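Contents: one structure, followed by commentary.
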Number of protein chains: 2
Amino acid sequence: MRIGALGQATGVDPETIRYYERIGLLPAPVRRANGYRAYGPAHLERLAFIRHCRALDMPLADVQRLLRLLDHPLDDCQDVDRLIDTHLAHVQGKLQSLQTLARQLEQLRGRCHGQHATAECGILHELVAAAQGESCVCHVDGRASDWAMPTAPHPRIHKIKRVLSPE
Amino acid sequence: MRIGALGQATGVDPETIRYYERIGLLPAPVRRANGYRAYGPAHLERLAFIRHCRALDMPLADVQRLLRLLDHPLDDCQDVDRLIDTHLAHVQGKLQSLQTLARQLEQLRGRCHGQHATAECGILHELVAAAQGESCVCHVDGRASDWAMPTAPHPRIHKIKRVLSPE
DNA sequence: TCTTGACCCCGGAGTGGCTACAGGGTTTTT
DNA sequence: AAAAACCCTGTAGCCACTCCGGGGTCAAGA
Ligand SMILES: [Zn+2]
Ligand SMILES: [Zn+2]
Ligand SMILES: [Zn+2]
Ligand SMILES: [Zn+2]
């Protein structure tokens, strides 16, 4: 099985497959004489697993941990449960804030119907007013609230070339 | 007003403020004799606007477009409306897929209670089975469906150094 | 006066999870 | 035989920041 066929079978772009190999998520397959990668059924299964986890929006580091746990069948599964719990909590948190967001945007959208000049547009007016007012969550000063900006940054880890450790 | 005070007033990190200036989102302020940036109330207002838009999860390119529209008060506001519509649709789409996701994860979580070896863990079993089966959305072949991976990539635009154009 | 600390400057590299491309080689189809 | 489709490596780009190194500036305290 060459990389294109594996990609077809799993719905994963070949470039992405090579990327997974580069970061150590998918084991490097044997090569044919011409240098082409040759995959077997084990790779297919593993890649399908990865894709399914990604479809559940798990970060690749979590997927890596699950794969490792799969490879050690005698370990306790507590780590699996915790990982899923954490991820689920994360998803639910995002869901909450997205719901708030959608409500705010719908309300904002209602501020303008039809055509005016931008100087009279209710949407722009509301945006400017809200940005100035105190009522908006984005203005509570300090870190006391549990509200976070939708696009939260990632904590930084340093000097990793191979993104995921090899074993 | 120096950069630190502006950051305090708006809740934006000074590094982020410099970043906004670098990409042309916030106009460069005058400098004092020592090279420090000196901001006025106009900057404060603009930055608060930016932050409020970001709190609504708008991409910076959209914020830039809104700022431009604010600066041209005689233009028609149709662009504003379309921009908000598009963004709202985007948010609602993400909300939908997150809801599906949360349901799937909750169901998955229910597969394991208490401790077993990973070889017997219902969660891992389900993940492997789902990845192999045909029932899962992540396996529909081709692009015919309206389902998309949660972390969808952005289309690519080329050779932009200054991320947002200057005017 | 000296030192400590809080600010400020700049440029460059790193984050995740890919995607795109350049510039070559190989295989398959027409 | 030529064209199309596939494969290889390596690098750079996307977003919206964040962090760091290596320096400069300016106040208050010992
Ligand atoms: Zn699946
Ligand atoms: Zn309007
Ligand atoms: Zn706000
Ligand atoms: Zn379990």
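Every value quoted in this text rests on a predicted model; they were computed, and no experiment measured them. In what follows, every chain begins at residue 1, and chains take the letters A, B, ... in the order their sequences are listed.
The side chain of A/Arg37 places an N or O atom within less than 4.0 Å of a non-bridging phosphate oxygen (OP1 or OP2) of D/dT9. Put simply, B/Thr16 has a side-chain N or O that comes within less than 4.0 Å of OP1 or OP2 on D/dT18. Contact annotation: B/Asn34 reaches the phosphate of D/dC26 (side-chain N/O to OP1 or OP2, under 4.0 Å). Between B/Arg31 and C/dC10 there is a side-chain polar atom (N or O) within less than 4.0 angstrom of OP1 or OP2. For the OP1/OP2 pair of C/dC9 and a distance below 4.0 Å, the side-chain nitrogens and oxygens of B/Arg2 include no atom meeting the criterion.
Heavy-atom neighbours of A/His90 NE2 from other residues, nucleotides or ligands within 6.0 Å: at or below the threshold of 12.
Residues B/Leu70 and B/Phe49 form a side-chain contact, since some pair of their non-hydrogen atoms from C-beta on lies under 4.5 Å apart.
Counting non-hydrogen atoms under 4.0 angstrom, B/Arg32 reaches nothing in the nucleic acid. Within 4.0 Å (heavy atoms only), A/Pro59 reaches sugar-phosphate atoms of the nucleic acid but no base atom.
Sequence order on DNA chain D of the closest nucleotides to A/Gly35 and B/Tyr20 puts A/Gly35 first from the 5' end.
Remark: the A/Glu15 side chain and the D/dC7 base include no donor-acceptor N/O pair separated by less than 3.5 Å. Under 3.5 Å, the side chain of A/Tyr19 and the base of C/dG16 form no donor-acceptor pair of N or O atoms. The base of D/dG24 is paired with the side chain of B/Tyr36 by a donor and an acceptor separated by under 3.5 Å.
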* Asked: Under the side-chain contact (heavy atoms from CB on, under 4.5 Å) criterion, do B/Arg37 and B/Leu6 qualify, and how do the steps go?
  -> CA-CA 10 Å; B/Arg37 289 169 178 83; B/Leu6 181 64; over 6 Å; no
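Among A/Leu101, A/Leu105, A/Leu108, the single residue meeting the side-chain contact (heavy atoms from CB on, under 4.5 Å) criterion with B/Leu88 is A/Leu105.
Of the candidate nucleotides D/dC17, C/dG17, D/dC8, D/dC17 has the atom lying nearest to any side-chain atom of B/Arg54. With C/dC18, C/dC8, D/dC7 as the choices, the nucleotide that has an atom nearest any side-chain atom of B/Arg18 turns out to be C/dC8. Taking every side-chain heavy atom of A/Asp13 into account, C/dT19 is the closest of D/dC7, C/dC9, C/dT19.
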